[in-house]
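Residue numbers start from 1 in every chain, and the chains themselves are labelled A, B, ... in the order their sequence lines are given, proteins ahead of strands. Quantities reported herein were computed from a predicted structural model and do not represent experimental measurements.
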2 protein chains.
Amino acid sequence: MAKRERGPRERMVMSAAELIRRDGVSATGVRDVVEHAGAPRGSVQHYFPGGKVQLVNEAVAWVGSYTARRIVRYVEALERPTPGALFTEMTDKWAAELTATGFAGGCTIAAATVDWADSTESTRTAAAAAFAAWTRPLADALTGMGVPETRSEDLATLMLSTLEGALLIARAERDVRALTSAARELAPMLDGAVP
Amino acid sequence: MAKRERGPRERMVMSAAELIRRDGVSATGVRDVVEHAGAPRGSVQHYFPGGKVQLVNEAVAWVGSYTARRIVRYVEALERPTPGALFTEMTDKWAAELTATGFAGGCTIAAATVDWADSTESTRTAAAAAFAAWTRPLADALTGMGVPETRSEDLATLMLSTLEGALLIARAERDVRALTSAARELAPMLDGAVP
DNA sequence: TGCGTTCTATGACGGCTGTCATGATACTGG
DNA sequence: CCAGTATCATGACAGCCGTCATAGAACGCA
């Protein structure tokens, strides 16, 4: 997964994101990140003079933009572009990932929010930016599918909220049930929003 | 809030739940819980011989049953009992709590899931039990409102997922926007499920 | 009164945390 | 070749963590 091309710096950011989404922010130590990335330990103070806070924030930002690009790709790949189909696509992808990894890891942004939203303002801001970066392409896609512009952003937020919540419940239950049943009910409702 | 009547044991469980939902599980130390509860430090090994794991699990279970009772009360208090009205009631209550507390604390169960779902099986099980304890009365209420029994549980899960996710986003954004817009869109859709 | 159980108090232990000081090495440009 | 910067390596620091051993206090019961 981690190409040789990537420098130690980017590898550390990716490893941080991976470990955070699995164990949470507080439980993820910088030594763990270094080891997981196969990076030299001395690099942490060289590349991240801001310490763990900087590392975590960059991980959050990285996941934010990476996932935003993924959303765009989902939209483009839809053969029958409707809001419900898009939502089903997202829940399906997550369900597949959860089962493939044995439910070992949820959303990095959710973990960062739960763990550090109160204590570290910069991390909370980064998480909010990530959510905003996902809402925008989602709302644009909905508008492109014929959803009235006044409702596009609300519906995008609804999709995101439901996805995040279902992901959380699925992880607790070690069962994709929450994802599939949320999609089964919400998808037709979303399609009803396009006149 | 904490009545004098409650023994130190229950006060510690409640304090644990409160601190966990604010700072996460890993960031909440047993010393913090003891201090927050105004309990004697020596009591922790007396009442919770299972250590921090037991304390966390009991906090999760406590929030689970407490919130389940709250859901039942919400249902009974509705003047015009429809699925949408119930969902709006829940999001409104959470939005009010978030603004009142300065967005300082989300859902205890979500925090426990994100932090310990992978590392501590018993906590994951407790979290799953809590979600189940919320789904059941919710589904029953929906059935009572005329929702077909085949869809009640799915819709209950959808409501819960959306609520949890919107709560998360709201905390990251320090804005109840996610809660209100999710309710604005989902509530009418839910009402459409009763024939 | 005296015994036994329940509860509280205190201090210590090893282990892990994030951070930093210090120094060695690699590499690049003149 | 040499100088200077970028990168890496190592060890130490203070602080917090969960846990436990030990002992004292409070209380009910006979």
Side-chain angles (χ1 to χ4, degrees), chain A residues 2-20 22-60 111-112 114-116 118-123 126, chain B residues 2-20 22-60 111-112 114-116 118-123 126:
Chain A
K3 295 179 184 173
R4 279 287 175 277
E5 301 299 332
R6 301 192 201 272
R9 207 198 123 97
E10 188 173 5
R11 287 210 317 274
M12 290 173 73
V13 172
M14 292 173 58
S15 290
E18 177 67 22
L19 295 181
I20 286 170
R22 181 179 313 173
D23 303 320
V25 178
S26 304
T28 298
V30 296
R31 289 170 173 83
D32 302 332
V33 174
V34 162
E35 187 185 11
H36 185 273
R41 201 164 89 73
S43 295
V44 84
Q45 74 176 298
H46 182 255
Y47 289 117
F48 306 94
K52 185 178 181 177
V53 171
Q54 182 183 353
L55 180 56
V56 170
N57 290 355
E58 293 205 19
V60 168
V114 164
D115 262 26
W116 273 16
D118 278 344
S119 59
T120 313
E121 252 291 303
S122 59
T123 302
Chain B
K3 296 178 183 174
R4 280 287 176 277
E5 301 298 332
R6 301 192 202 272
R9 207 199 123 96
E10 188 174 3
R11 288 210 316 274
M12 289 173 74
V13 173
M14 292 173 58
S15 290
E18 176 69 21
L19 294 181
I20 287 170
R22 181 179 312 171
D23 302 321
V25 179
S26 304
T28 299
V30 296
R31 289 170 173 85
D32 301 332
V33 174
V34 162
E35 188 185 10
H36 185 272
R41 199 162 89 73
S43 295
V44 83
Q45 74 177 297
H46 182 255
Y47 289 116
F48 305 94
K52 184 179 182 178
V53 171
Q54 181 183 355
L55 180 56
V56 170
N57 290 354
E58 292 204 20
V60 168
V114 165
D115 262 27
W116 273 16
D118 278 344
S119 59
T120 315
E121 252 292 303
S122 59
T123 302

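For the atom pair B:F48 CZ and B:L55 CG, the distance stands at 5.0 Å (nearest 0.5 Å). Atom OG1 of A:T28 is separated from atom CD of A:E18 by 10.0 Å, given to the nearest 0.5 angstrom.
Between chain A and DNA chain D, the heavy-atom contact criterion of under 4.0 Å yields a 5' to 3' nucleotide range of D:dA6 to D:dA12.
Annotation for A:A111 and A:G24: closest pair CB-CA, 4.4 Å, computed over non-hydrogen atoms. For the pair A:A112 and A:V25, the tightest heavy-atom approach, listed with the atom from each and the gap, is CA-CG2, 3.7 Å. A:A59 and A:I20 make their closest contact through CB-CD1, 4.4 Å (heavy atoms, listed as atom of the first residue, atom of the second, distance). Here the shortest heavy-atom pairing between B:A39 and B:M12 reads CB-CG, 3.8 Å.
The residue among A:A27 and A:P49 whose nearest nucleotide of DNA chain C is located toward the 5' end is A:A27.
Residues that satisfy the side-chain hydrogen bond (donor to acceptor under 3.5 Å, both in side chains) test with B:D115, not counting sequence neighbours, are B:S26. In this view, A:S122 and A:V53, A:N57, A:T120 satisfy the side chain to side chain contact (heavy atoms under 4.5 Å, CB included) rule, not counting sequence neighbours. For B:D23, there are no side-chain hydrogen bond (donor to acceptor under 3.5 Å, both in side chains) partners, not counting sequence neighbours.
Following rounding to the nearest Å, B:K52 (NZ) and C:dG15 (P) show an atom-to-atom distance of 19 Å. As rounded to whole Å, 12 Å separates atom P of C:dG18 from atom CE of A:M12. Across the protein-nucleic acid pair, B:R31 atom CZ and C:dC13 atom C1' stand 11 Å apart, rounded to whole Å. For A:Q54 and C:dC20, the CD to P distance is 12 Å, given to the nearest whole Å. Taking atom CZ of residue B:R9 and atom P of nucleotide C:dT6, one finds them 14 Å apart after rounding to whole Å.
For DNA chain D, the neighbouring residues in residues 38-48 of chain B, judged by any heavy atom under 4.0 Å, are B:R41, B:Q45.
Heavy atoms of A:T28 sit under 4.0 angstrom from primed sugar atoms or phosphate atoms, though from no base atom.
Direction change of the helix axis from one end of the helix from C:dT1-D:dA30 to C:dG30-D:dC1 to the other is 0°, with five pairs defining each end axis (rounded to 10°).
Legend: side chain to side chain donor-acceptor pair (under 3.5 Å) pairs involving residues 31-52 of chain A, not counting sequence neighbours, sorted by first then second residue: A:S15-A:H36.
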Might you list the N or O atoms of the protein lying below 3.5 Å from N or O atoms in nucleotides 24-29 of chain C, with each pair's distance?
none

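Side-chain atoms of A:R22 do not come within 3.5 Å of backbone N or O of B:D118 as any donor-acceptor pair.
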